Student: 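Just passing along the structure, written as structure tokens.
Keep in mind the model is a prediction, meaning the values are calculated, not measured. Whatever order the structure lists ligands and atoms in, that order sets their numbers, starting from 1.
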Amino acid sequence: MIPSSLLRALRSARHVVVFTGAGVSAESGIPTFRDALTGLWERFDPGELATADAFRRDPALVWGWYEWRRMKVLQARPNPAHMAIAELAGHVPQLTLITQNVDDLHERAGSREVIHLHGSLHRPRCFACAREPAEPLPAPDEPEAGRRLEPPRCHHCGGRLRPGVVWFGESLPSDALRAAFAAAQACDLLLSVGTSGVVYPAAEVPHLARAAGATLVHVNPQGEAPQSAHEHLLALPAGQALPQLVREAFGG
Ligand code: BV8
Ligand code: ZN
């Protein structure tokens, strides 16, 4: 049951921020960061594999992992959580969507101007000269969880292509981070959906909103109990919680 105080806060919000992590795509069948380490990769910690050093050491291992994850995204469809977030934008005066995810399921659900703090699986670039390939890469053939794949070569300099994601130890795109922090400080309600909030500086976003006096709503089956009256926890899967929240707040 969604508290009426939360429904009132959402109805009267001028500016809503939605901040998502891997949990929002879980019901689309996309493994969360921890679950994405199966097969050949199960002996790795993501912090070890999602780094430039890992790519330098073994490009085929890292490229294979990202191509397997890209294939999962190509095979996936947006779930009711992505759809409800796209619909919510039509019910509030201003909505800023910030994601830590590297999939394009928010865009495929109809959300526009998605702020990707950690880049995208669909924007590979040359590890040497940073140019992007002229054509989008073909869908990977069925790499079972655990195949090494040699990364394609840059048409310009012959360097290896790398995934267009932000690796540990790499800076986040500064314009995306600035826009995300500004929205967090300006909003009056922030919905944090499916994130464990351990990775910085992205994890700063909800803290900035709380410090600016916004109402916080955490949507996470494993979420912790809220700390204050302005904080709510919906301990449900996002695919259930978000459609229910939009329906109870705005009807339809
Ligand atoms: C930076 C893209 C420095 C790649 C990602 C030591 C050495 C080096 C750096 C550090 C260090 N110590 C700390 C740092 C900083 C580091 C950091 O924060 N590390 C953590 C581990 C402590 N950060 C960085 O390195 C960042 N860069 O600091 O640069 C610098 C500074 C100046 C100049 C130069 C450099 C860069 C971090 C970005 C890393 N890239 N992603 C890829 O995807 O492969 S992070 C990646 O993991 C995700 O994007 C996400 O942000 C994060 C967590 O992933 P998950 O845990 O899977 O997902 P999530 O957190 O969303 O958890 C799933 C949640 O969903 C769970 O809570 C679960 O309960 C819930 N859930 C499950 N099902 C559902 C659900 N919820 C709702 N519904 C459901 N159905
Ligand atoms: Zn190049």
Student: Parallel, tilted or perpendicular, judged at 30° and 60°: which one describes the rings of Trp65 and Phe33?
Tutor: tilted

Student: Got a donor-acceptor contact below 3.5 angstrom from the Glu48 side chain to the Asp45 backbone?
Tutor: yes

Student: Do any heavy atoms of Leu172 fall under 4.0 Å from ligand 1?
Tutor: yes

Student: Given the protein's heavy atoms, is any one of them under 4.0 Å from atom 67 (O) of ligand 1?
Tutor: yes

Student: Set out, in order, the CA-CA distance, both residues' side-chain angles and the distance that settles side-chain contact (heavy atoms from CB on, under 4.5 Å) for His116 and Glu107, then state yes or no.
Tutor: CA-CA 11 Å; His116 279 270; Glu107 289 85 347; 2.7 Å; yes

Student: Under a 4.0 Å heavy-atom limit, does Glu170 contact ligand 1 with its side chain, its backbone, both, or neither?
Tutor: backbone

Student: Would you find more than 12 non-hydrogen atoms of other residues, nucleotides or ligands less than 6.0 Å from Glu224 atom CD?
Tutor: no

Student: Nearest heavy atom to atom 33 (C) of ligand 1 wins, so pick from Ser171, Pro46, Ser28.
Tutor: Ser171

Student: Hey, is the main chain of Ala54 close enough, under 3.5 Å, to the side chain of Thr51 for a donor-acceptor pair?
Tutor: yes

Student: Determine whether a donor-acceptor pair (N or O, by modelled atom type, separation under 3.5 Å) exists between the side chain of Asp188 and the backbone of Arg14.
Tutor: yes

Student: So which heavy atom on Arg125 is nearest to which on Gly164, and how close?
Tutor: NH1-CA, 3.8 Å

Student: Does atom NE2 of His91 have more than 12 heavy-atom neighbours from other groups under 6.0 Å away?
Tutor: yes

Student: To which protein heavy atom is atom 21 (C) of ligand 1 closest, and what is the distance rounded to 0.1 Å?
Tutor: Phe168 CE2, 3.9 Å

Student: Output the list of atoms in ligand 1 that are nearer than 4.0 Å to some heavy atom of Gly21, sorted by atom number.
Tutor: 61 (O)

Student: Identify the protein heavy atom lying closest to atom 78 (N) of ligand 1, giving its residue, its atom name and the separation to 0.1 Å.
Tutor: Ala238 N, 2.9 Å

Student: Identify each donor-acceptor pair in which a side-chain atom of residues 231-241 lies under 3.5 Å from a protein atom, sequence neighbours left out, and give them as a table.
Tutor:
residue	atom	partner	partner atom	Å
Glu231	OE1	Arg210	NE	3.0
Glu231	OE2	Arg210	NH2	2.7
Glu231	OE2	His218	NE2	2.8

Student: Could you tell me whether a side-chain N or O of Arg148 sits under 3.5 Å from a main-chain N or O of Gly64, the two making a donor and an acceptor?
Tutor: no

Student: Please lay out, stage by stage, how Leu242 and Val18 fare under the test side-chain contact (heavy atoms from CB on, under 4.5 Å).
Tutor: CA-CA 11 Å; Leu242 289 177; Val18 181; 5.9 Å; no

Student: Considering heavy atoms of the protein only, find what lies nearest to atom 42 (C) of ligand 1 and give residue, atom and distance to 0.1 Å.
Tutor: Phe33 CE1, 3.3 Å

Student: If you count the atoms of ligand 1 from 1 in the order shown, which ones are under 4.0 Å from a heavy atom of Trp167?
Tutor: 36 (C)

Student: Return yes if some donor-acceptor pair links the side-chain N/O of Arg162 with the main-chain N/O of Ala52 below 3.5 Å, else return no.
Tutor: no

Student: Heavy atom of Gly169 under 4.0 Å from ligand 1?
Tutor: yes

Student: Strictly under 2.8 Å of the Zn ion (ligand 2): which protein N/O/S atoms qualify?
Tutor: Cys126 SG, Cys129 SG, Cys154 SG, Cys157 SG

Student: Can you confirm whether something in the protein, heavy atoms only, sits under 4.0 Å from atom 2 (C) of ligand 1?
Tutor: yes

Student: Within a distance under 4.0 Å of any heavy atom of Gln100, pick out the atoms of ligand 1 and give their elements.
Tutor: 49 (O), 50 (C), 51 (O)

Student: State whether the side chain of Ser120 and the backbone N or O of His122 hold a donor-acceptor pair below 3.5 Å, judged by distance alone.
Tutor: yes

Student: I would like to know whether Leu189 and Val92 meet side-chain contact (heavy atoms from CB on, under 4.5 Å); could you show each step before the answer?
Tutor: CA-CA 11 Å; Leu189 188 141; Val92 296; over 6 Å; no

Student: As a check for students: among Ser192, Gly194, Ala22, identify the option with a heavy atom nearest to atom 64 (C) of ligand 1.
Tutor: Gly194

Student: For atom 20 (C) of ligand 1, find the nearest protein heavy atom and state the residue, atom name and distance (0.1 Å precision).
Tutor: Val198 O, 3.7 Å

Student: Within a distance of under 4.0 Å, is there any protein heavy atom near atom 6 (C) of ligand 1?
Tutor: no

Student: Counting heavy atoms only, name the option from Glu224, His118, His218 that's nearest to atom 41 (N) of ligand 1.
Tutor: His118

Student: Would you mind listing which atoms of ligand 1 come within a distance below 4.0 Å of any non-hydrogen atom of Gln222?
Tutor: 68 (C), 69 (O)

Student: Return the closest protein heavy atom for atom 56 (O) of ligand 1 as residue, atom name and distance.
Tutor: Ser196 OG, 3.3 Å

Student: I would like to know whether Phe19 and Leu117 meet side-chain contact (heavy atoms from CB on, under 4.5 Å); could you show each step before the answer?
Tutor: CA-CA 10 Å; Phe19 176 65; Leu117 292 179; 4.2 Å; yes

Student: Is atom 10 (C) of ligand 1 in close reach of the protein, with a heavy atom under 4.0 Å away?
Tutor: no

Student: How far is atom 28 (O) of ligand 1 from the closest protein heavy atom, and which atom is that?
Tutor: Tyr200 O, 4.0 Å

Student: For Glu135 and His155, does a side-chain donor sit closer than 3.5 Å to a side-chain acceptor?
Tutor: no

Student: Relative to the heavy atoms of Arg69, which atoms of ligand 1 are at a distance of less than 4.0 Å?
Tutor: 42 (C), 43 (O), 44 (O)

Student: Among all protein non-hydrogen atoms, which one is nearest to atom 80 (N) of ligand 1, and what is the separation to 0.1 Å?
Tutor: Glu27 OE1, 2.9 Å

Student: Given side chain to side chain donor-acceptor pair (under 3.5 Å), test His15 with Thr96 step by step and report yes or no.
Tutor: CA-CA 8 Å; His15 183 176; Thr96 306; 2.8 Å; yes

Student: What is the closest protein heavy atom to atom 52 (C) of ligand 1, and at what distance does it sit?
Tutor: Val199 CG2, 3.4 Å

Student: Does ligand 1 have an atom that lies less than 4.0 angstrom from a heavy atom of Gly47?
Tutor: no

Student: Right, does atom 14 (C) of ligand 1 have protein non-hydrogen atoms nearer than 4.0 Å?
Tutor: no

Student: Quick check against the 3.5 Å criterion: does His207 have a side-chain atom that pairs as donor or acceptor with the backbone of Glu204?
Tutor: no

